[in-house]
Every structure is written in C-alpha cells, then in structure tokens.
2 protein chains.
Amino acid sequence: MPSNAPRPSDPTRLVSLLWEPSDRPGRTGLTKRAVVENAIAIADAEGLGALTMRRVADRLGVGAMSLYTHVPGKPELVELMLDAVAGEAYADGALPGEQGGWRAGLRHIAERNWRHHLRHPWTVEVVPGRPVLGPGVSAKYELELAPLDGIGLSDLEMDQVLCGVLALVESTARQQIGLDRVRAGNGDLDWWATVSPVLTRAMSGHRFPLAERVGAAAGEAVEAGDPLAIMRLSLDLLLDGVAGRLR
Amino acid sequence: MPSNAPRPSDPTRLVSLLWEPSDRPGRTGLTKRAVVENAIAIADAEGLGALTMRRVADRLGVGAMSLYTHVPGKPELVELMLDAVAGEAYADGALPGEQGGWRAGLRHIAERNWRHHLRHPWTVEVVPGRPVLGPGVSAKYELELAPLDGIGLSDLEMDQVLCGVLALVESTARQQIGLDRVRAGNGDLDWWATVSPVLTRAMSGHRFPLAERVGAAAGEAVEAGDPLAIMRLSLDLLLDGVAGRLR
DNA sequence: CAGTGTACGGTACAACGTACGGAGAGTGAG
DNA sequence: CTCACTCTCCGTACGTTGTACCGTACACTG
C-alpha cells in the first residue's frame, strides 16, 4: 500500500461491477469471473493474508497488472469474492423457507452459514463496510428472510432477528477458524500441556478461582470441537426467546 | 513479510511475556509497556492497518529495530495489546457480579464489551487463535463469570452462555465499526441516495420482493445507529432463552 | 579501569499494492 | 487495404511493509 490515502472506491462503480456480466473474455481469455474464482481458491486454502494480486495472476498465467483491467483493485476484488460465495449457500436447493416453520428455517440458516464460513474461512477476516449489494448477497438475503415472513414480526424485526442469528454464527465461526489455524500451524502438539505449567508459574500470586474452574471445564470441551457447541446452545436460547415473543 | 513461513511463535514464550513485568526500562527508557501503549494509541485512532512497527518506533523516538528487544514481533505485540485493553473493561469498579442478578450482570457485560470494542475498534479485526492467557484477559473472564455462578448452570454452560453473549456483541460491534469507517471515509455524502438508482437499474430483471421490502425498513433504521438495536434485541431474546432454561 | 552482556539501530531483502506508460491486438472508417 | 483509434495486457518502478543480520555503544560487574 504505497499511498496513505486509499483510492476513493466509488460505490456506484462497485454496484455496476457486481451486477455486470463477468464472462466477457478479453484478449487472452481473461474474465472477471476467472479472476474472482482464482482469488477465492487462494483465500480458501491459505487465508486472506496469502491472497495477493501477483499470486492470482500467476494462477491465471497472466501478468499482475492485467487483473486491473477487470477489477479496480484489491478491496473491490474482495467484495466481488464475498458476493460470489454468498450465492453458493443454498445452491443445492434446500431453502430456508421450505424447512417447515420458522424455527427449522432459522436452524437451517445457522447451519448453512456455519458451513459457509468454514468452507471460506476468509469471510470472517473481512471487516464489513457497507453491505455488499450484489446478486449473490441479495439472493441469500431474500432466501433467508422467507421463514420469518408472515409469522408476526415487523419488517425491522425480521431483519434484526436474522442479523442476530448470523452474528452469532459468524462470531463463533471466527473462533473455530482461528482454532483450526493454530492447530494446523504447529504439528498437533498439545498446546495446553505445554502452556499450563508455564502459566501456573507465571500467575503465581494472582488468583482467579472462577476462571480456573470454568476455564478447565471449557478447555476440556474445546478439544472436542467446542465453538460449534457454543453456537448451537446460544442459537437455541435465542430461538426460545423468539418463540416467547411470538406467542 | 519476507518469509512465507511465519515465525514459530512459541506459546510458552508468549505466556511469560504476558505476565512478566512491563516496566523495566532499557538504556533509553524504552519499556514493553510503552511499546504496547503506543501501539494501542495508533490502532485506536487508525485501525490495525495503520499499525506499523516503524510508526510505533517513531512515536517513541527510537529506531524500528529497537522494538524487537521488548517484543518478539508484530503478532505478539497484538496479543499484548489485546491483553492490555481487556484489563480496562471494568476498571471503574462497576463489576458484573454486583449488578443485582444474572440478567443485569449479563446486560452490563454486553454493554461494557460494546463500549470496549468501539473504543478499540481494532479488537474486532483480530482473528483469534488460542485464547490470550494474560492477566488482563484472565481478570476480565473472572469478573464476567461472576453473575453466572451459582444460578443453576454447569461450569460448561456458564462458559457457553458468556461466550454466546460476547459473540453477539462482537459481531454486532464489527458491523457498527465497519459502518463508522465508511461513513468517516467519504464526507457524509448519502450513500444510499447515490447507490440506489444505479442499483435498481443494474438489477433490472431480477426480483427480490422480500429483500427489497425488508431491506428498505432496515436501511432506514441503519441511519439511526442500527447495529446497537440489533445487539440489544438479540441479547434480550438470548436472555429470555436463558431464563427459560433456569426455571 | 577493563571486560562483558545487552539495548539499540542502520542497512538490506523479499514481498506487497498499484501508478504509469508502452506494446500489441482488435475494430471501424475511408 | 490502410490507417487511426481503442482496449487489453503487462514490464518496470516506487514507496511501504516485517524483520534478519550484524555492528556499535552504553551500563553494569569485577
């Protein structure tokens, strides 16, 4: 990043970019779609940190600067990637609105978004700005609102409940993904076993009775895929709360 | 980042670093505390992206490489920053355990964490790895468990409920922070007004009836500080759910 | 006062996003 | 067919990043 002031990033330009057809090939057959797809492949495998214009270009067998004909810059590329993967979430036809009731629908949404984030871990690295108003995101939003329509919620409440569920899933997925990464980093060595003795020595003098007791219980659970359990429990609690408001 | 393989980042080293006293001055009076505090100041004002070893060093009037005598590298610096700010959350003495009941306690926790994230927006940019086992984080965890102790939850459930609340707050704060940033970026020009016409033209042919209706309602609410409302509603729902389990 | 360990920092390197401008292919007009 | 113009592609270059390496110079120990 050479210039301190980032490019203006015209939102108008971005919207057209999102909705324009992505398949019109250039001279070497390069398309916007191909750029986005290859960027996604890199980010899926190695995270946003490994996503580099040069690497995308290498995968496509073109020069780095050729990408800029199809994509204004890296931030815009990431937005295009986000919209592209959003479209996949319900591609198999199991729609939230057809799960038999709002509760099953929301559960389905939670499960699909969980999968979605684990499949594309970089989605939890992006700090959102304005909503990405592309075809993929719009379609996803439309489908996810379906189970909430006509059950006695106002339009605003529909959005808020949905956002609440998605927030829960996203944040828990962040934890899971972070955990997966550090576990993949060092070769399976037992983190707690190595850290624990150093920790107890370091915090001699301090006492955290609750934290130690609960932390131990939580720590054991973590080794069995814990964040998912947190997500499921919190989701159930939240759904119970919604049910209470409806009756 | 010159080497593709990041430094091993010994977790043992990090734990000692977190608990070691931070005030022992070096030859020029440089301390670990000073490094961390100045790094926090930069990140608070301009985000993690603006946090640079050179900038921290400049603020301290030392050479960039001098930081490395006090801090092993940038990732470790960020972890030290996280632990340092965690310590502030309840520094004024209004503890979650003394709010009169678990419900008020959790609400207090949510509100304090909301403030915390807005005060240090970079905290929502960090993808967590292993928990940061420093004095600040430990103290915060201890205090936040207090309102949940002895109300009929298992140790594991205590952790899960707390994590659920924190997840909700964090994810909603992320949205708020992202929104604040784009709003600060372009000089207050009305985003929706400029985007809307382009959008309707671009998506001519596609129909998203629910998304358009609900999105409009949600869009209006956004201009009045919406993510906070989402957080509050979802939190209430979650708390209702907890109440249902307890009785 | 001499010796030694440690704090400091200058230089250098690989990698980053991308501005700039040239090269070359494609297309339309005369 | 020829010319001119446009648009795609990309080589080069710049400023900035984290930090490895190694020399320097201070402060404490003896």
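As the structure is a prediction and not an experimental result, all values here were calculated from the model. Lettering follows sequence order; numbering is per chain, from 1.
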inquiry  = I need the full list of salt bridge (charged side-chain N to carboxylate O under 4.0 Å, His left out) pairs touching residues 113-127 of chain B, with sequence neighbours left out, sorted by first then second residue.
reply    =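 Sorted pair list: Glu111(B)-Arg115(B), Glu125(B)-Arg181(B).
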
request  = Report the distance from atom NZ of Lys32(B) to atom P of dA7(C), rounded to the nearest whole Å.
outcome  =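 In whole Å, dA7(C) P lies 13 Å from Lys32(B) NZ.
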
key: Between P of dT16(D) and CD of Glu46(B), the distance in whole Å   =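 Going from CD in Glu46(B) over to P in dT16(D) covers 14 Å.
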
ask   = Residues two or more places apart in sequence or in another chain: which of them pass side-chain contact (heavy atoms from CB on, under 4.5 Å) with Asp58(A)?
value =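 For Asp58(A) there are no side-chain contact (heavy atoms from CB on, under 4.5 Å) partners, ignoring immediate neighbours.
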
ask   = Sequence neighbours excluded, which residues qualify as side-chain contact (heavy atoms from CB on, under 4.5 Å) partners of Ala139(A)?
value =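 side-chain contact (heavy atoms from CB on, under 4.5 Å) check on Ala139(A) returns Phe208(B).
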
Under-3.5 Å N/O pairs linking protein and nucleotides 10-13 of chain D:
residue, atom, partner, partner atom, Å
dC10(D), OP2, Gly63(A), N, 3.0
dC10(D), OP2, Ser66(A), OG, 2.5

Could you tell me which residues satisfy side-chain hydrogen bond (donor to acceptor under 3.5 Å, both in side chains) with [X], sequence neighbours excluded, listed by chain and number?
X	value
Glu46(A)	Arg55(A)
Glu20(B)	none
Glu37(B)	none

message = Applying side-chain hydrogen bond (donor to acceptor under 3.5 Å, both in side chains) as the test, list every pair that has at least one member in residues 74-83 of chain A; sequence neighbours left out.
response =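 Sorted pair list: Arg7(A)-Glu76(A).
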
ask   = Got a sec, which pairs hit side-chain hydrogen bond (donor to acceptor under 3.5 Å, both in side chains) with one end in residues 131-141 of chain A, sequence neighbours left out?
value =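 As it turns out, the side-chain hydrogen bond (donor to acceptor under 3.5 Å, both in side chains) pairs with a partner in residues 131-141 of chain A, which skip direct neighbours, are Asn113(A)-Lys140(A), Lys140(A)-Glu144(A), Tyr141(A)-Asp159(A).
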
note = Protein-proximity profile, nucleotides 21-28 of chain C, B/S/- by nucleotide at the 4.0 Å heavy-atom cutoff, equals ---BS---

message = Among residues 12-21 of chain A, which ones have heavy-atom contacts with DNA chain D below 4.0 Å?
response =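 Hits under 4.0 Å, by residue number: none.
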
ask   = Heavy atoms under 4.0 Å, any strand shown: does Leu60(B) hit a base, just sugar-phosphate, or nothing?
value =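 Nothing, no nucleic acid heavy atom in range.
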
query = the helix from dC1(C)-dG30(D) to dG30(C)-dC1(D): angle between its terminal axes, five pairs each, to 10°?
reply =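 Axis-to-axis angle, ends of the helix: 10°.
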
